Number of protein chains: 4
Amino acid sequence: MAQRYGAGIWHFATYVDRYATDGYGDPRSVIDAIGLAGQVRDLSVVDLNYPFFGGDFTNEQVGAALEGAGLSVIGITPEIYTRTFAKGSFTNPDPGVRRLTHELVTEAADVVRHFGADYVKLWPGQDGWDYPFQVDHGVLWKASLDGVGALAAENPDLKFVIEYKPREPRVHMSFDSVARTLLGIEKIGLPNVGILLDFGHALFGGESPADSAQLAIDYGRLFGMDVNDNLRSWDDDMVAGTVHPIELFEFFYTLRRNGWEGVWQLDQFPFREDSVHAANHAIDFLKAIERGLDVLDVEGVRSAQERHDALGALALVQRALFAGYQE
Amino acid sequence: MAQRYGAGIWHFATYVDRYATDGYGDPRSVIDAIGLAGQVRDLSVVDLNYPFFGGDFTNEQVGAALEGAGLSVIGITPEIYTRTFAKGSFTNPDPGVRRLTHELVTEAADVVRHFGADYVKLWPGQDGWDYPFQVDHGVLWKASLDGVGALAAENPDLKFVIEYKPREPRVHMSFDSVARTLLGIEKIGLPNVGILLDFGHALFGGESPADSAQLAIDYGRLFGMDVNDNLRSWDDDMVAGTVHPIELFEFFYTLRRNGWEGVWQLDQFPFREDSVHAANHAIDFLKAIERGLDVLDVEGVRSAQERHDALGALALVQRALFAGYQE
Amino acid sequence: MAQRYGAGIWHFATYVDRYATDGYGDPRSVIDAIGLAGQVRDLSVVDLNYPFFGGDFTNEQVGAALEGAGLSVIGITPEIYTRTFAKGSFTNPDPGVRRLTHELVTEAADVVRHFGADYVKLWPGQDGWDYPFQVDHGVLWKASLDGVGALAAENPDLKFVIEYKPREPRVHMSFDSVARTLLGIEKIGLPNVGILLDFGHALFGGESPADSAQLAIDYGRLFGMDVNDNLRSWDDDMVAGTVHPIELFEFFYTLRRNGWEGVWQLDQFPFREDSVHAANHAIDFLKAIERGLDVLDVEGVRSAQERHDALGALALVQRALFAGYQE
Amino acid sequence: MAQRYGAGIWHFATYVDRYATDGYGDPRSVIDAIGLAGQVRDLSVVDLNYPFFGGDFTNEQVGAALEGAGLSVIGITPEIYTRTFAKGSFTNPDPGVRRLTHELVTEAADVVRHFGADYVKLWPGQDGWDYPFQVDHGVLWKASLDGVGALAAENPDLKFVIEYKPREPRVHMSFDSVARTLLGIEKIGLPNVGILLDFGHALFGGESPADSAQLAIDYGRLFGMDVNDNLRSWDDDMVAGTVHPIELFEFFYTLRRNGWEGVWQLDQFPFREDSVHAANHAIDFLKAIERGLDVLDVEGVRSAQERHDALGALALVQRALFAGYQE
């Protein structure tokens, strides 16, 4: 079966940051963004922010746009990181905001049901701290787990995926790494909580994304993934494959070896690039990766790995990946 | 003479980022921000963005607000990093945008003259690159220097200060370090171009801010400075002294030793804090630093430094700085 | 009861690195090092490498030296990171080396019993990988846990502590973070395996050391700790308190708040400093920290933390810590 | 003319570090290392440490070994970073050590003449600082320049190349970046001082190695280069091309575009790998890079760069570099 590709719908939005406060382009609604996503070759699914951005749209309106674009929904991402949640969503010191978080995610769960999507995606980017002494760390972490746990318990028919990241916008984010997130998920102890593994977040956190994937798989918790690239020191959300192709290859190698069959998603922020072009460019590279995996001498790699023979394994990898080795 | 304190007026604005697109607070105009700045104890001067934000204000209106707040202007920062300049200001591939940059900075120069400020501050945060192979590095760097040089040549009555930073919003910024900026300034070869040294940018870039200050001073190019704090891996613009007090102390020690007498400015982004409180908090710490410098055994430090005796110097520093050493 | 202080005995050795291959000083034996440790004011306990370095010493000889120096033993650190173990100890691809690891740690366990020490310290610094594709990550991690688990199961009368670190000497170390290590310990599932938390390793890994301590305490696994300092990007093992005093203060604040009463140990590598002086310097600062904790308005800090009020908490912290705030 | 390849002779030594103090292999003499270098396919030149390691060898003995191995000498690297120089070579607080530095480099200059090599390579890795307040930064930097300048002035018939690096073994190294080094070289003002650009040092320092090369070339100071790879946060000296192939490609693209024709050298530390194999592996990849450059649509890249069109340029680059794009 052909590999399916997906993207966060924000890939097709425009962005602001603290300097270009007038934005890197004219604002777009989710309907506009779906239209652009529909222009990408080989895109099948999208992850939608909720509430829908850029206007007051019903599920039906969004559904019609998706149908027109030939897209379906893989996940819903409730926006628990906007102004209201500036000091946290699940961990906000104000119980009223924690309640709002719960309500917003509960609504998002209904949107998941409406679209028959795979999961509610939780990215509590404002949960964490900025300064030494700002929080009681034990209290904060407990609140993170209680918040997610309550939702997962109340919605046993749905999957919840946590997307961890070391930091941004907080100076330190609570769900900061694959191991911390798994530790929390094990503490929550429910079967319907898993990880959405972002390749770039793992790189940024000093992880080997392949190792992170293996660990999440070994705990039965790799519920989703997406890719992009960065310079290892920030979540640059650059186009996949443009900086770290070999670790990207190892990441997909690990998924294939484990028989993990899910959507290959993009989480890119093309601030200054055409977003359709950026998605096509990335998918072209992912297809090159697929072809590389098809010709890779997997038995040779495994045999080299049994000896921890890095150069032996990499010789096979480079032969499969780089043109200069072809005769 | 009492030490004067200053701040970038943006310290008193509210912020957006790519997640909290609705902002971390209600928008404020420059007039609002000046009003808040006026509430800070011991603030004398501000650096103003140009165009003035939040409305269509004349120099006179801004001047009246400043007078009401008891503030004067140290510098003007033309906003050469908004949407128009997303792919660069001085280095934009479009000559029309490069011309716009020149015009905007020229207008800012007139505002400097109007307010009798010290300098035009150039922070070309969009000049740089994101991806490998994106630019011809020689062409890009030359454009950076040509752009600044032309302005400095046309306005010999004014000072221009360049504020370098490793990155953000671009993945790599052209004026990325103290040494690169000095190298460029020497190439430009005009007396009225200098450096605005941001303590946090130096830390972020792996520099010792004290060393950066000394180097800029030795070239006669330290025209201004500001402070804040961060975790060394990003320009967090946290409140000064909250993370790296010892290096902050060394920074001010270096300024004092060189007889550098200028304004001690703040460049903080209190996303989630009250901005007046954040400024007062920082200035309180700067005053603690001043008292520490007053009691420091400078001759002892110099003597230890002649032997590269770190612990000898630090024993004196810690005695001057920390309460636990007081009898 | 007075706070007890300790140090790794390697603090009093001399060092080599890949450049100064002739070493930063004349080699010393463990007996020499114990003699130096005995000269440090207020040092009570040491952690000893095993085999004893610099000669062929019996437990009795070492014991006599310790007695002469007024020191007792807190832990034994088997050297599972020398040439034999260059490609790993517990995770070595060669089962013979894995067996050697087991044997060496088993011997170290007997030394722990001999000296009535608190624990066997495991720092498997060569367990990990350098290159993409070098290892099968699932196999590697399982071997890490199996190796530690077998030892803990065979020696239920002893504690085993794992000291994690992001990297060095391997480009990536298996036990890389507090969360990963706790995840592994939970999987091992034995009561006598815990964490030795190194303040600098946590900083280096982008953790908040206070948060790491809280997490390990909440799992009942904080069996030991040591402190030092660094620039957050490498395990510099500098003298404690010279760069990050505020986070060090938060770390000890967290221990005290949790009623954690153990030895405050040093893990410093004074490459170019006198080692006795470096230990005294650090302990002087730790005592300043203690005095700071004694005067800190803890209720005020807790109240501020309930609001996530960073500046409120830090105002109290700075008042307790810095001399410039004293009247 | 065929591209010539070279390597630092230390590539074929064995290593120690602060943990594996018994070394990652049996010690080798320079003669042993030359023998191994001779086994590498396509290696033409080596850079030799001076004094020759592992024994008391004359120039003639070394020359005979080189002849037997079919190698010639590109540079001599005086070991100004061993125990004697632990607190600095050119910047040592002890004038006697500064004099020793001068004498050792002067001897190395004679070895350069003896072998008809291209340059004396200066890597003052111990010149810098570890702690805040350790040094007077102005004095330190001046000593760095005075030391190099005196040698260059006394030996106008020879080239001196400075190899910069952000840090290690010092926590901060004086010649830390391409820009700082160029700034210093311009201050020295002699034609025979240039840069040896290490690809990995540039990456480690947050530079774009291609940009660093362009800058050094534009100042007429790129006298030599070498390559390797790392994870951007340390000087891992891994095998070239194993982590960052695209930036390596851009680096060589930049050299070719500027008509820079010198030796492509390796500076790798294969701690746990066979050193001949590691060199062959790297050179195989460099040849793949060469073939990639031969087929690259250079005009297309230049045209895309004129628009700062990253994805346009990268599409051509990926087509030239990756097998998955070949039909």
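Predicted, not measured: the structure shown is a model, and the values here were computed from it. The chains referred to below are lettered A, B, ... by the order of the sequence lines, with proteins before strands, and numbering in each begins at 1.
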What parts of residues 5-21 of chain B touch chain C if we use heavy atoms and a cut-off under 4.5 Å?
none

Beyond-backbone contact of B:F322 with C:I289, side-chain heavy atoms, under 4.5 angstrom:
no

Where C:Q326 and B:A323 come nearest, the two heavy atoms and their spacing:
NE2-CB, 3.4 Å

For chain B, which candidate among C:V239, C:L321, C:D274 shows the most heavy-atom pairs at distances under 4.5 Å?
C:L321

How far apart are the closest heavy atoms of B:G324 and C:A288, and which atoms are they?
CA-CB, 3.8 Å

Can you tell me which portion of B:L231 sits under 4.5 Å from chain C's heavy atoms? Options are side chain, backbone, both or neither.
both

Checking B:D294 against chain C: side chain, backbone, both or neither under 4.5 Å from a heavy atom?
neither

Under 4.5 Å heavy-atom distance to chain B, tell me which part of C:V243 shows up: side chain, backbone, both or neither.
both

For B:R302, the side chain to side chain donor-acceptor pair (under 3.5 Å) test, sequence neighbours excluded, returns none

Best-contacting candidate, C:R291, C:H281, C:E273, C:R272, against chain B by heavy atom pairs under 4.5 angstrom
C:H281

Mind checking which of residues 304-320 of chain B sit less than 4.5 Å from chain C, heavy atom to heavy atom?
B:L311, B:L314, B:A315, B:Q318, B:A320

Can you list the residues of residues 248-267 of chain B that sit under 4.5 Å from chain C, counting heavy atoms only?
none

Minimum-distance pair of heavy atoms, taken over all atoms of C:P245 and B:P245:
CG-CG, 3.7 Å

Atom pair NE2/NE2 of C:H244 and B:H244 - distance to nearest 0.5 Å:
3.0 Å

